[in-house]
Undergrad: 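Below are the structure tokens for one structure; questions will follow.
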Protein chains: 2
Amino acid sequence: MTTTGKRGPYRGTAARRREIVDAAAEVFGESGYRAGSLKDIAGRVGIDASSLLHHFGSKHVLLEAVLADKVSRDAQALHWDEEIEPAEFPAALIRLAERNAANPGVIGLYTVLLAESTTVDHPSADFFRDRHATTRRDFLRGFDAMAEAGLLAEDVTPQEAALSTLAIWDGAQTQWLLDPGAIEVVAVLRGHFRRITRVEV
Amino acid sequence: MTTTGKRGPYRGTAARRREIVDAAAEVFGESGYRAGSLKDIAGRVGIDASSLLHHFGSKHVLLEAVLADKVSRDAQALHWDEEIEPAEFPAALIRLAERNAANPGVIGLYTVLLAESTTVDHPSADFFRDRHATTRRDFLRGFDAMAEAGLLAEDVTPQEAALSTLAIWDGAQTQWLLDPGAIEVVAVLRGHFRRITRVEV
DNA sequence: GTCTATATTGGGATAGAC
DNA sequence: GTCTATCCCAATATAGAC
């Protein structure tokens, strides 16, 4: 047994890596990838930047670990694997938005890196392009099921619902990051679902 | 008379400054502010970075010039000063979106800097916070007038219309930058107006 | 596993010649 | 107005001692 707890010299490498990934997610969310420094990340863990690089060979590798971690946490929170009733689909998305609102850090990480990834030669461009395509597909599947059950508003196609939901969600989060008092992400999303569906949220 | 044309040694300082601002807008849009280098900007103009700094004392000053230039161009395109008929308000916004779609560089500049400005210690944080507040007010005024004329959809408040329009617009532009084939900004905006108003767009 | 020391690169900015 | 040369600083990454 090599991991004996969360602290102390026998805490283990796995725990240290977890600490680093968490700190990196914080820093990348606050400063972006390029402007976020390994020194800052290492400082929050209480080690030197060169020690950090002992665990993750390069900044790029660390970024990938952070993104992979976020994907696995999101999947866990959403339970995409379980079947979701068409009528429950909007409510499931609202729950995810509420969970994000309670963890402001994840909003920054996602929103800042998303926009940064549209710049030239950005290491996470492919990641976000793939991830947005996947999200669009997931949304489309959910709204397709709603359409079949007659739960979409008149003249709203599943495609339209998927694209507009993703757009309004991202945009609301950006506005919230810029000025937290100016907008409530969950309320905007509820209003959107009220307009494009026939179910209560 | 010191400015005799667009090229040649007597082109004038004003023309050179214009070239620099245009190149800076390109580079900041493609790479963001922090990652965009003065060397890159100067290279596109055909001068050295130190020559650039002769015209604009620092990178920060150049950024402010770029943002001020964008504001004045937008104001010119929108003609906010002239009165807009309530029924024409959505169409006016669509025109602006169409104009942006024709100048992809503008979208990158705005969207990338907007998200970057949410990171810690960013020099344009105040600018974008103020600008978004102003835009929200402008939108609110337009939708208020529509509400008075009975042109908003049922159960849609002017406040809701303003916030959601800004969010869906920003979000759609981000998606477009990430993957230009995946979304059409103007179509998403049209769909949104179709749902929140009673006018044809 | 962590540190110190260092290599290397690239950034913004200044001084001074022309 | 523009260039070359230079300064200073911060960053990622590596080497090697402990």
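Naming: A, B, ... by sequence-line order, numbering from 1 per chain. It should be emphasised that the depicted structure is a prediction, and the values quoted were computed from it without experimental measurement.
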Undergrad: Whole Å only: how far is the CZ atom of B/F56 from the P atom of C/dG12?
TA: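 Checked: the CZ to P distance equals 15 Å.
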Undergrad: With a 4.0 Å cut-off on N to O distance, would you call B/R34 and B/D121 a salt bridge?
TA: no
Undergrad: Whole angstroms only, please: what is the CG-P distance between A/D48 and C/dA5?
TA: 11 Å
Undergrad: Rounded to the nearest angstrom, tell me the gap between atom NZ in A/K59 and atom P in D/dA10.
TA: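 Going from NZ in A/K59 over to P in D/dA10 covers 15 Å.
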Undergrad: On a plain distance test, is the side chain of A/S50 in donor-acceptor contact with the base of C/dT4 below 3.5 Å?
TA: yes
Undergrad: Want to settle it: does B/H54 or A/G36 sit nearer the 5' end of DNA chain D, counting the closest nucleotide to each?
TA: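 Upstream on the strand: B/H54.
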Undergrad: Given C/dT2, C/dA13, D/dC3, which nucleotide is nearest the side-chain atoms of B/I47?
TA: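 Selected nucleotide (nearest to the side chain): D/dC3.
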Undergrad: Quick one: is A/R16 getting a side-chain N or O under 4.0 Å of the C/dT2 phosphate, OP1 or OP2?
TA: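 Result: yes.
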Undergrad: Between C/dT14 atom P and B/L38 atom CG, what is the distance in whole Å?
TA: 11 Å
Undergrad: Regarding B/H192 and A/S164, is there a side-chain donor-to-acceptor distance under 3.5 Å anywhere?
TA: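 Per modelled atom types, B/H192 and A/S164 side chains form no pair under 3.5 Å.
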Undergrad: How close or far is atom C1' of D/dA10 from atom CG of B/D121, stated in whole angstroms?
TA: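 Atom-to-atom, B/D121 to D/dA10, this comes out as 15 Å.
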Undergrad: Donor-acceptor pair, distance only, cut-off 3.5 Å: does the side chain of B/S31 make one with the backbone of B/F28?
TA: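 Pair absent, no side-chain N/O of B/S31 close to backbone of B/F28.
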Undergrad: To the nearest Å, how far apart are B/I41 CD1 and C/dA13 P?
TA: 11 Å
Undergrad: Whole angstrom is fine here: how far is it from CD1 in A/I20 over to C1' in C/dT2?
TA: 11 Å
Undergrad: Under 4.0 Å between a side-chain N/O of A/S51 and OP1 or OP2 of C/dC3, yes or no?
TA: yes
Undergrad: Check the phosphate of D/dT2 against B/H55, side-chain N and O only, distance under 4.0 Å to OP1 or OP2. Yes or no?
TA: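 Looking at the OP1 and OP2 atoms of D/dT2, one of them is under 4.0 Å from a side-chain N or O of B/H55.
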Undergrad: Check the distance between D/dC3's C1' and B/L52's CG and give it to me in whole angstrom.
TA: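 Interatomic distance, CG of B/L52 to C1' of D/dC3: 14 Å.
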Undergrad: Name the nucleic acid region contacted by B/S37, choosing base, sugar-phosphate or nothing; use a 4.0 angstrom heavy-atom cut-off, strictly under.
TA: sugar-phosphate
Undergrad: Under 3.5 Å, is there a donor-acceptor pair between the B/H122 and B/S124 side chains?
TA: yes
Undergrad: Looking at the side chain of A/K39, which of C/dC3, D/dC3, D/dA11 is the nearest nucleotide?
TA: D/dA11
Undergrad: Within the distance-only criterion (no hydrogens, no angle test), does the side chain of B/R194 pair as donor or acceptor with the backbone N or O of A/D155 below 3.5 angstrom?
TA: yes
Undergrad: Classify A/L53 by what it touches in the nucleic acid, base, sugar-phosphate, or nothing, heavy-atom distance under 4.0 Å.
TA: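 Base, at least one base atom sits under 4.0 Å.
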